[in-house]
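First comes the structure, then the notes that go with it.
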Protein chains: 2
Amino acid sequence: MDTAAARVTGSLRQRVLTGELKPGEPLSQSRVAAEYGVSRIPARDALQTLAAEGLVDLGAFTAVVRGTSIAELQELYELREAVEPLLTRLAVPNVGRAEIAMMTSLLDEMASHPSAIDWLSANARFHALIYMRADRVRMIELTTQLRRLTDRYLYLHVDMFGDTGRLDVEHRLILEAAKAGDPAEVAELTRRHIAASHDFLLRHMLREPAPQEPAPR
Amino acid sequence: MDTAAARVTGSLRQRVLTGELKPGEPLSQSRVAAEYGVSRIPARDALQTLAAEGLVDLGAFTAVVRGTSIAELQELYELREAVEPLLTRLAVPNVGRAEIAMMTSLLDEMASHPSAIDWLSANARFHALIYMRADRVRMIELTTQLRRLTDRYLYLHVDMFGDTGRLDVEHRLILEAAKAGDPAEVAELTRRHIAASHDFLLRHMLREPAPQEPAPR
DNA sequence: AAAGCTAGATCTGTATACAGATTACCATAT
DNA sequence: ATATGGTAATCTGTATACAGATCTAGCTTT
């Protein structure tokens with residue numbers, strides 16, 4: 001749909017995700033509405049949607065960009081480690097030549113050093129190509145949401161994408177096992193892939209432990 | 001908060017859950033607003049909230065009470081079987097005397113043959129007493145939502161609560177293992193507990209295979 | 001200087017209004 | 001009887017308006 005609310009939602013989501021809007025920053029309906037030149041109703045809708053996605057806290061008074069914490073990160077990755085391998089196991093038997101081909105080309109795309117946002121998008125599509133074949137709409141929706149939330153930690157806490165080399169290797173292993181049609185193997189590789197990203201992120205957060213303060217107004 | 005939107009949300013949620021509002025039934029903002037004597041704005045809010053919870057479909061035109069299907073049931077239980085044992089494993093080491101005591105009294109409450117809605121509420125609180133000790137807000141939120149969605153299947157597809165006897169036995173096993181402080185055992189019992197409910201529900205749905213049609217209007 | 005209080009600014013929840021989109025119904029034509 | 005077209009009813013998205021709640025800042029009091 002092409003509503004004002006959807007436009008605002010999409011834009012705000014991106015800005016929260018990339019860290020342009022920092023944790024703790026207040027997002028009042030009025031200010032958002034004014035900034036986008038719409039009335040408060042679509043601004044309100046957008047904030048509610050983002051709150052449901054977990055990117056925004058709908059506090060008592062004003063909505064606020066949600067903070068980050070090592071505890072939440074832990075939780076998000078625990079969920080991903082539980083759900084994505086399950087999705088993988090269910091999907092792999094249905095993955096065919098078409099998916100393998102598209103995954104291969106996405107690997108090339110990622111290897112060509114695109115912007116962070118494009119790299120993350122290609123990465124998400126790579127894994128989604130497997131997941132989609134599981135025929136589990138709800139799980140995929142949940143996974144998309146969890147991935148978005150963890151991607152935010154990458155933007156906020158890791159300036160340069162240090163580790164694309166390791167990730168590329170892991171992706172190729174996953175692709176090979178998928179080609180071979182071994183569900184358990186792909187699932188286990190996926191689980192380790194996720195766990196490795198968790199470790200990577202955790203190390204970075206521990207090095208730079210200060211949770212950013214609310215932006216001064 | 002004591003807003004009109006929250007009141008409408010709560011009431012509609014209950015009515016969808018118990019089946020008073022049947023799958024496919026259209027829920028227009030206008031009609032909901034009129035019925036509750038509020039303006040369309042809080043009605044709109046309520047429908048959006050319920051849509052985020054998965055109880056309502058926000059179709060192109062009007063919102064509609066979400067349908068049920070064996071495929072969705074499968075998916076919901078797969079998720080619960082993945083998440084709740086994980087939550088259990090994390091929580092059991094922190095479960096103390098207070099929780100055990102409250103769980104025991106909830107078992108009595110359930111054994112006293114309350115109404116379906118009270119039984120389900122006590123049941124949810126029984127398990128929540130464990131989960132809460134895992135200190136995983138996000139997982140608990142997800143679990144609450146999944147439980148609500150599967151409870152709906154109980155209301156819609158199982159008239160009498162046939163199986164409270166089996167459930168009571170399983171609950172007592174869980175309680176004993178929790179008292180003994182064995183995380184892996186409680187987790188495994190919880191997984192089987194969930195799987196058994198899934199089987200039970202699946203058998204009932206297969207026996208009465210017609211998904212209800214939208215209510216005539 | 002610290003604590004408390006009050007006026008003003010800001011914000012939210014909700015009602016109402018209007019335009020454009022969608023659907024339903026019914027008459028007419030084939 | 002079925003297809004077709006048009007009009008009325010319904011619905012949504014959004015703007016605007018208003019009252020009550022919450023916060024802020026500065027003044028007063030001690």
Side-chain angles (χ1 to χ4, degrees), chain A residues 1-16 20-67 212-217, chain B residues 1-16 20-67 212-217:
Chain A
M1 203 131 28
D2 183 27
T3 69
R7 245 192 339 269
V8 176
T9 304
S11 167
L12 280 184
R13 185 189 289 124
Q14 211 66 304
R15 293 171 67 191
V16 171
E20 181 190 330
L21 296 171
K22 300 218 175 61
E25 187 154 341
L27 293 176
S28 81
Q29 295 174 13
S30 340
R31 280 231 324 274
V32 171
E35 185 169 357
Y36 284 93
V38 299
S39 87
R40 261 179 51 221
I41 304 293
R44 179 187 177 77
D45 284 358
L47 291 174
Q48 266 175 268
T49 302
L50 295 181
E53 289 177 9
L55 289 170
V56 151
D57 268 336
L58 234 45
F61 190 47
T62 308
V64 156
V65 175
R66 189 144 179 171
Q212 340 21 11
E213 289 307 302
R217 277 184 134 314
Chain B
M1 206 129 31
D2 183 28
T3 70
R7 249 193 336 270
V8 176
T9 304
S11 167
L12 281 184
R13 184 190 290 125
Q14 210 66 306
R15 293 171 67 192
V16 170
E20 181 190 330
L21 295 171
K22 299 219 176 61
E25 187 154 340
L27 292 177
S28 81
Q29 295 174 12
S30 340
R31 281 232 323 277
V32 170
E35 185 170 356
Y36 285 94
V38 298
S39 86
R40 262 178 51 222
I41 304 291
R44 179 189 177 76
D45 283 358
L47 291 174
Q48 267 174 266
T49 302
L50 295 180
E53 289 177 9
L55 289 170
V56 151
D57 268 336
L58 234 44
F61 191 45
T62 308
V64 157
V65 176
R66 188 145 180 171
Q212 337 29 1
E213 290 306 303
R217 179 53 192 128

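Numbers restart at 1 for each chain; the letters A, B, ... are given by sequence-line order, proteins then strands.
As rounded to whole Å, 17 Å separates atom P of C:dT10 from atom CG of A:Leu27. Rounded to a whole Å, the CD atom of A:Gln48 is 18 Å from the P atom of C:dC11. When rounded to the nearest whole Å, the span between CZ of B:Arg31 and P of C:dT22 equals 20 Å. The interatomic distance linking B:Leu47 (CG) with C:dT14 (P) rounds to 14 Å, in whole Å. The interatomic distance linking B:Asp45 (CG) with D:dT12 (P) rounds to 13 Å, in whole Å. Separating the CZ atom of A:Arg40 from the P atom of C:dT14 is a distance of 11 Å, rounded to the nearest angstrom. Atom CD of B:Glu35 and atom P of D:dC11 are 13 Å apart (whole Å).
OP1 or OP2 of C:dG13 has at least one side-chain nitrogen or oxygen of A:Gln29 nearer than 4.0 Å. Taking only side-chain nitrogens and oxygens, A:Arg44 comes nearer than 4.0 Å to OP1 or OP2 of C:dG13. Taking 4.0 angstrom as the limit, A:Thr3 places none of its side-chain polar atoms (N or O) nearer than this to OP1 or OP2 of D:dT12. Residue B:Ser39 places none of its side-chain N or O atoms closer than 4.0 Å to OP1 or OP2 of C:dT14.
Side chains of B:Val65 and B:Leu27 form a contact here, defined as non-hydrogen atoms less than 4.5 Å apart. For the pair B:Ile41/A:Ile41, a side-chain contact is recorded, criterion being any heavy-atom separation below 4.5 Å from C-beta on. The shortest side-chain heavy-atom distance between B:Arg66 and B:Leu50 does not fall under the 4.5 Å cut-off.
Looking at the side chain of B:Val38, the nearest of the listed nucleotides C:dG13, D:dT14, C:dA15 is C:dA15. Closest approach to the B:Ile41 side chain among C:dA15, C:dG13, D:dG13 is made by C:dA15 (side chain taken as heavy atoms from C-beta onward). The side chain of A:Phe61 lies closest to C:dC11, out of C:dT14, C:dC11, D:dG13. Comparing C:dC11, D:dC11, C:dG13 against the side chain of A:Thr62 picks out C:dC11 as the nearest.
A salt bridge between B:Arg15 and B:Glu25 is absent, with no side-chain N of the basic residue lying under 4.0 Å from a carboxylate O of the acidic one.
For the atom pair A:Leu12 CG and A:Glu53 CD, the distance stands at 11.0 Å (nearest 0.5 Å).
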